[in-house]
Structure formats: structure tokens, C-alpha cells
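Report on one structure; see the data block that follows.
One is the number of the first residue; the rest follow in order along the sequence.
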Amino acid sequence: MKLVYASILLSLALPILAQSGCSTLPATINASNSKLNSPFVFLNGIQVVTKADFACRQQEISALFQRYELGTLPPKPQTVTGSYSGNTLTITVGNGGSTISFSVTISGNSGSSPVPAIIALGGSSVPSQSGVATITYNNNDIADQQGRSSRGRGKFYTLYGSSHSAGALIAWTWGISRILDALSTTTGHNIDVNRIGVTGCSRNGKGTYVATAFEPRIALGIVQESGSGGAGCWRISDAMLRAGTNTQTASQIVDENVWFSPNFNQYVNSVNNLPFDHHLLAALVAPRGLLIIENTSIDWLGPQSAWGCQTTGAAAYEALGVTDRMGITQQGNHDHCVLPSAQGPDVAAFVNRFLKGQSANTNIVKTDGRNNVGFVKSNWVDWSIPALSEGGGGSSSTLGPITSISSSTSVTS
Ligand code: MCU
């Protein structure tokens with residue numbers, strides 16, 4: 001009888017412990033793993049059982065990315081105001097005695113009722129969609145990306161200091177959050193702030209993925225040809241290079257540009273020590289809409305890495321019972337950032353469903369397999385996918401927002 005009582009207590013306590021277990025990250029983490037880390041096990045070894053646990057694991061993953069790779073995403077600044085005139089939304093942000101101001105241009109926003117919109121980092125390379133506005137965001141103005149010498153340049157750093165830990169990707173995310181803040185408090189633009197997508201290609205595809213992962217107000221991320229540092233996993237890209245394919249790796253990428261935090265530099269030659277990889281970006285976006293578009297013809301993008309990484313990341317959606325909210329479409333034989341016409345319907349399906357609120361078949365996971373994509377899952381994945389239960393009040397549509405982590409150790413809101 002005692003034993004039964006104890007095991008009931010334990011089974012009741014585990015999910016609760018798991019939730020309170022997400023309150024802090026340990027100061028140091030020794031987590032060497034040559035495979036892709038499970039989305040369903042907390043750092044302390046406790047299994048994710050319920051959807052509420054998973055929301056907590058998302059906070060842990062968010063904190064890990066910020067501490068080891070991206071740098072810290074600051075919380076909402078003290079003041080954010082917007083003004084809209086002549087298709088330009090101007091956003092003014094004040095914090096700690098400094099003020100910056102930046103603008104985005106809006107097109108396709110006419111209509112008798114508010115329209116959905118896609119924020120395009122550096123412009124859009126996917127076909128424009130009828131009834132959906134485009135918000136063109138000059139992300140370079142917020143954090144420059146002109147090689148290593150551009151570290152700390154841009155309006156984000158004017159506000160937070162040039163030695164802030166944020167790399168460009170998370171700084172751009174911060175800028176998108178401010179656009180959303182300003183849209184919410186400004187009239188005249190005719191944008192429905194509850195139906196916002198984000199897109200960008202290549203380096204701006206990396207930014208799109210990170211923004212979608214860290215800004216829960218984004219309903220859909222369309223991540224185009226982001227390659228290594230975006231849809232690719234560091235571990236798989238390293239293996240591709242070891243096998244003789246000229247693929248971008250972590251150690252190359254930090255030499256090339258300032259997309260990541262300086263804190264990442266110490267891990268780029270030992271990526272197995274990272275307690276995460278980029279499949280867990282998908283775990284941060286889930287259960288929201290996500291379309292990953294990749295190119296099989298460009299080795300540098302790491303076709304096998306992006307495919308393996310993202311088909312693995314889709315496990316988060318499967319565990320939440322929403323497999324068709326994440327699409328992966330990979331095709332070759334075209335130039336970089338030139339969407340082949342065959343992938344046009346994939347974009348339209350995700351936009352129709354997640355921005356226009358229409359019904360559309362978004363069960364899209366496909367590759368043309370060109371260039372021997374050749375990902376062998378059993379070499380990389382040693383965990384199984386749970387069916388997460390509703391316990392603790394979580395549900396796939398009401399998962400709490402991922403709170404921004406202002407201190408490097410706290411993962412509570
Ligand atoms: C795929 O994104 C990058 C890539 O990481 C860089 O190595 C390369 O220089 O530029 C790509 C890009 O942004 O192309 C427009």
C-alpha cells in the first residue's frame with residue numbers, strides 16, 4: 001500500500017517538479033552529446049510528459065540559445081511609440097536614457113478591414129500573396145552584418161551598448177518585437193497584428209528563424225534557404241564537412257560575420273558540447289506555423305544538415321499533435337533565394353492557413369533528394385517522441401509565450 005501511495009505521489013509530482021525545475025539553469029553545463037539533443041528531456045534529466053512541461057522546456061531551450069549562441073534578448077524597453085504616415089511606420093524606442101528611431105515601409109495594406117502582413121527582413125524573396133501586406137524591415141539598420149568589423153554597430157547597440165552580448169540575429173528579433181509593439185498602438189496602417197508572418201532568405205532566413213522562435217506574436221515563419229546557422233544543425237554540418245562536402249560550419253561562420261553572440265566563439269570547435277542544436281529552434285516555434293524552404297543544389301547551405309535537422313525538429317510538432325503546422329520543402333536546380341515555381345504552392349498553403357485563416361493542406365514535408373541528401377536518422381537521434389498529455393492545464397493552442405530571458409541564468413518569467 002505504501003509503495004502504491006509513493007508511486008502515485010511520484011507520478012503526480014514529476015510534472016510539477018519538471019515545471020518548477022525550469023526556474024534556473026545551472027551555472028555550468030557539462031552536456032557533451034554527439035547526437036541531436038532530445039526536445040523532451042530537461043537538462044536535469046527529467047522527462048517532458050505534459051504540454052505544460054513542454055512550455056517549460058521551451059523556456060529552458062530559449063535560455064540555452066541565448067546563453068551559448070545568440071546572446072540575450074532584452075525585455076520590452078521602457079518606451080515604444082509609433083507613428084504612421086505615407087506608408088511608413090516610424091518606431092521610436094527609449095531605454096535607460098537613450099532613444100533610437102527606425103522605420104519600416106508598408107505596402108499592400110489597403111482594404112475595408114485589417115489585413116494580415118508579412119515582415120520581410122531585407123525584402124522578400126517569396127511571391128507576394130493577395131490580401132497580405134508586406135512590411136519591409138531594414139534589419140541591417142538595427143544590427144549591421146558587414147563582416148566581423150560590424151560587431152556592435154546598429155541602433156540596437158546605440159540603445160544597449162556596443163558590447164551587449166546579442167549577435168545580429170537576436171538583435172533583429174528585438175527590432176521585430178518593437179515593430180509589433182508599434183503596430184499594436186498605432187492606427188491608420190490597416191494591419192491585423194494577430195496575423196503577422198515573417199520571411200527572409202539566406203542570412204536573413206537565419207534571422208527569420210530566430211525571430212519566429214523568440215517572438216511568440218509571430219503566427220508564421222517562412223524561412224528561406226537559411227542553411228547552416230538557420231535550418232542546419234551545427235553537428236550535422238560539421239559531419240558533412242568531415243565527409244568532404246564544402247558546407248558552412250560554426251567555426252567558419254563566426255569568422256565570417258556577427259550573426260551570433262561572441263559567447264558562441266568558445267563552442268564552435270566543439271559543438272557537441274552545446275546542450276542544443278538548431279532542431280530545437282523548431283521546438284521553440286511549435287505550435288505556431290513554420291515553413292522551412294531549402295535548396296539541395298548548394299553544398300554550402302548543408303542540404304543534408306537542414307533536412308536532417310528540421311525533420312528531427314518536427315518531433316516537437318508531432319508530440320503536440322499538430323504535425324501539419326510545420327512544413328519542410330527542399331528543392332534544387334535553381335539560384336540561391338530564387339524560389340522555384342514548384343514551391344510557390346507550399347508558401348501559399350502556409351500563408352492561406354496561418355495568415356488568412358483559410359483551410360489549406362499544409363502537410364508538406366518533401367525533398368527532391370538531389371545531391372544525395374542522405375541523412376540517416378538513427379545516427380543522430382537516440383530518443384523517441386512522446387504524445388504529450390494535457391496535464392497541468394497546457395494545451396497545444398494555449399502554450400504560454402516564451403518569456404524573454406533578461407538574466408543569463410533565470411528561466412522564469
Ligand atoms: C546562407 O546564408 C549566408 C551564408 O551563411 C554565408 O556564408 C554566405 O556568405 O552568404 C549567405 C547569404 O546570406 O547569401 C545572401
Side-chain angles (χ1 to χ4, degrees), residues 24-25 59 62-85 88-106 119 121-122 135-146 150-187 189 191 193 196 198 200 204 206-208 210-218 258-264 284 400-413:
T24 51
L25 286 183
Q59 290 194 23
S62 166
L64 291 171
F65 267 104
Q66 290 182 68
R67 187 197 281 183
Y68 294 105
E69 184 187 297
L70 300 168
T72 302
L73 177 62
K76 189 173 176 183
Q78 285 154 346
T79 59
V80 184
T81 55
S83 72
Y84 181 70
S85 151
T88 299
L89 176 72
T90 303
I91 302 119
T92 302
V93 188
N95 205 63
S98 302
T99 303
I100 59 124
S101 179
F102 68 104
S103 300
V104 293
T105 54
I106 305 182
I119 299 173
L121 282 80
I135 301 176
T136 303
Y137 170 42
N138 178 11
N139 48 314
N140 295 355
D141 188 34
I142 298 298
D144 209 352
Q145 51 170 337
Q146 307 296 325
S150 59
R151 171 77 67 198
R153 286 202 320 236
K155 288 173 179 168
F156 175 93
Y157 302 99
T158 306
L159 210 55
Y160 293 106
S162 57
S163 55
H164 191 279
S165 68
L169 304 184
I170 202 89
W172 300 337
T173 302
W174 174 92
I176 288 175
S177 298
R178 304 299 68 88
I179 297 170
L180 298 176
D181 295 342
L183 283 172
S184 311
T185 55
T186 312
T187 54
H189 50 66
I191 301 291
V193 79
I196 297 289
V198 178
N204 296 330
K206 304 182 210 304
T208 296
V210 167
T212 310
F214 284 85
E215 173 44 84
R217 287 173 288 178
I218 296 171
V258 292
W259 295 309
F260 301 97
S261 172
N263 297 343
F264 187 44
L284 292 184
I402 301 156
T403 38
S404 85
I405 311 299
S406 50
S407 114
S408 62
T409 50
S410 170
V411 288
T412 42
S413 48

Heavy-atom distance under 4.5 Å between the side chains of [X] and [Y], does that happen here?
{"X": "Leu284", "Y": "Phe65", "value": "yes"}
{"X": "Leu121", "Y": "Lys206", "value": "no"}
{"X": "Leu180", "Y": "Ile119", "value": "yes"}
{"X": "Ile176", "Y": "Ile142", "value": "no"}

What's the shortest heavy-atom distance between [X] and [Y], and which atoms?
{"X": "Thr72", "Y": "His164", "answer": "O-CE1, 3.2 Å"}
{"X": "Glu69", "Y": "Phe260", "answer": "OE2-CE2, 3.2 Å"}
{"X": "Val258", "Y": "Gln145", "answer": "CG2-CA, 4.3 Å"}
{"X": "Glu215", "Y": "Ser177", "answer": "OE1-OG, 2.7 Å"}
{"X": "Leu89", "Y": "Ala182", "answer": "CD2-CB, 4.3 Å"}
{"X": "Pro75", "Y": "Tyr160", "answer": "O-OH, 4.1 Å"}

If I take atom [atom1] from residue [X] and atom [atom2] from residue [Y], how far apart are they, to the nearest 0.5 angstrom?
{"X": "Arg67", "Y": "Ser165", "atom1": "CZ", "atom2": "OG", "value": "12.0 Å"}
{"X": "Ile196", "Y": "Arg217", "atom1": "CD1", "atom2": "CZ", "value": "10.0 Å"}
{"X": "Asn140", "Y": "Asn204", "atom1": "CG", "atom2": "CG", "value": "6.5 Å"}
{"X": "Leu64", "Y": "Gln59", "atom1": "CG", "atom2": "CD", "value": "12.0 Å"}
{"X": "Leu73", "Y": "Thr173", "atom1": "CG", "atom2": "OG1", "value": "6.5 Å"}
{"X": "Ile106", "Y": "Leu183", "atom1": "CD1", "atom2": "CG", "value": "5.5 Å"}

Counting only N and O atoms by type, is there a donor-acceptor contact under 3.5 Å from the side chain of [X] to the main-chain atoms of [Y]?
{"X": "Trp172", "Y": "Gly207", "answer": "no"}
{"X": "Thr208", "Y": "Val198", "answer": "no"}
{"X": "Asp144", "Y": "Gly154", "answer": "no"}
{"X": "Tyr157", "Y": "Arg151", "answer": "no"}

Fit a plane to each ring of Phe102 and Tyr137, take the angle between them on a 0 to 90° scale, and name the class: parallel (under 30°), tilted (30 to 60°) or perpendicular (over 60°). tilted

All N/O donor-acceptor pairs, side-chain side in residues 90-100, below 3.5 Å, sequence neighbours left out:
| residue | atom | partner | partner atom | Å |
| --- | --- | --- | --- | --- |
| Thr90 | OG1 | Ser103 | OG | 3.4 |
| Thr92 | OG1 | Ser101 | OG | 3.4 |
| Asn95 | OD1 | Gln78 | N | 2.9 |

